[in-house]
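Notes to accompany the following structure.
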2 protein chains.
Amino acid sequence: MAHRSRLYTVSVDVPADVHDEELAFWEGAVGREMPVVPAHPDFHRTTLPGQEVILITQRLREGAPGIHVDIHTDDLDAEVARLEKLGAVKERFTESGWWIMRDPAGLRFCVLEDPPGTLHEANSTFWD
Amino acid sequence: MAHRSRLYTVSVDVPADVHDEELAFWEGAVGREMPVVPAHPDFHRTTLPGQEVILITQRLREGAPGIHVDIHTDDLDAEVARLEKLGAVKERFTESGWWIMRDPAGLRFCVLEDPPGTLHEANSTFWD
C-alpha cells in the first residue's frame, strides 16, 4: 500500500452559459492561455508560475458554479482507501477513470492516478 | 501600475459545526498539520510539498461550504483595478485589509497584498 499523493489541481467549474467569459477571465487573471485538454474538451488547463499546482476550468453540463480540488496519486486504490479512512466517502468512479469523492463537509473532490514516476520526493507525500 | 500577482491560496470554507472534522480530514489528506493563523483564528493553514500554493481551512460564521482561491499581489489597488478590467467586480473591502471580489460566474475570491519582495520573477506574473 506504499504510495504517493499530492494536492494538484484547482478546478473552476462553471455552467456552459458563462464558461467562455469565465475562461477568459481566469486566463487574464493568471496571465496564461488555458488550452483545451484534448481528451476532455470541457476542460481547459494551465500551469502557474513557479508552481506545480495547475488551474483548470470545467464546463458543467448541469449544476451551480464552484471550485473543487483534485488529488493525484501513483496508486488510485491505495489513495482512495487512505482517504476513506480519513472520513471521505466515494461518490462514483467516472468513465474517464478517476474517483469522485466527498469530504466530511460534503465538498466534492477527485482522485486521479498519474503515470509511474510523476510523483516523487520533491512534489508529493509518501504514505506507507 | 507595474506590479506582480499570483494565485496563492486554496481555502476550504466550512460551517462551524463541521469545521474540526473537516480540518482533521484535510490535515490527513495532505499529510501536514495545519496550525491556526494567530491573527485570524478562524483560519488554519499549511504549505504543500514542493509548492508555493498554500492550503487553508476557514471556519464560516454563516453560509454553505465551498472552496475559494486568493490572489496575492504587491500592489493591491493596481491588481484590483486589473481584475476589474478583466470582468471581476468588487464585493467589499474587509476590516483585515483585503478585497473580496466576484468573478464573471459570481464565484468569490480574495485579493491580498504581500510585503514588498515576497513576489518575484520565479513565483509570480509581472504586469506593466
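Residue numbers begin at 1 in each chain, while the letters A, B, ... track the order of the sequences. Computed from a predicted model, the values in this text were never measured in an experiment.
At a 4.5 Å heavy-atom cutoff, the contact between A:Val69 and chain B is made by backbone and side-chain atoms alike. The parts of A:Leu7 that come within reach of chain B are both its backbone and its side chain, each placing non-hydrogen atoms under 4.5 angstrom from that chain. Only the side chain of B:Ile71 comes within less than 4.5 Å of a heavy atom of chain A; its backbone N, CA, C and O stay farther away. Both the backbone and the side chain of B:Val53 have a heavy atom closer than 4.5 Å to some heavy atom of chain A. For A:Leu83, the parts lying near chain B are the backbone and the side chain together; criterion is any non-hydrogen pair under 4.5 Å. Looking at B:His19, there are no atoms closer than 4.5 Å to chain A (heavy atoms on both sides), in backbone or side chain. With a threshold of 4.5 angstrom between heavy atoms, B:Ala64 does not approach chain A through any atom at all.
Under the 4.5 Å side-chain heavy-atom criterion for Ile, Leu, Val, Met, Phe, Trp and Tyr, B:Leu55 and A:Ile56 are members of distinct hydrophobic clusters. Residues B:Val18 and A:Met101 share a single hydrophobic cluster, defined by chaining ILVMFWY side chains whose heavy atoms lie under 4.5 Å apart. Note on B:Tyr8 and A:Val10: separate hydrophobic clusters, where clusters join Ile, Leu, Val, Met, Phe, Trp and Tyr whose side-chain heavy atoms are under 4.5 Å apart, directly or indirectly.
The shortest non-hydrogen separation linking A:Ser5 to B:Ala29 is OG-O, 4.4 Å.
Ring geometry for A:Trp26 versus B:Phe109: interplanar angle over 60°, hence perpendicular rather than tilted (30 to 60°).
Looking only at distances, no side-chain donor or acceptor of A:Arg6 sits under 3.5 Å from a matching main-chain atom of B:Gly50.
Side-chain atoms of B:Thr125 and A:Val30, non-hydrogen and from C-beta on, never get closer than 4.5 Å to each other. You'll find the side chain of B:Gln51 stays beyond 4.5 Å of the side chain of A:Gln51, heavy atoms only. Counting only heavy atoms from C-beta outward, the side chains of A:Glu27 and B:Leu86 never approach each other to under 4.5 Å.
Between chain B and the residues A:Ala122, A:Gly106, A:Gly87, the largest count of heavy-atom pairs under 4.5 Å involves A:Ala122.
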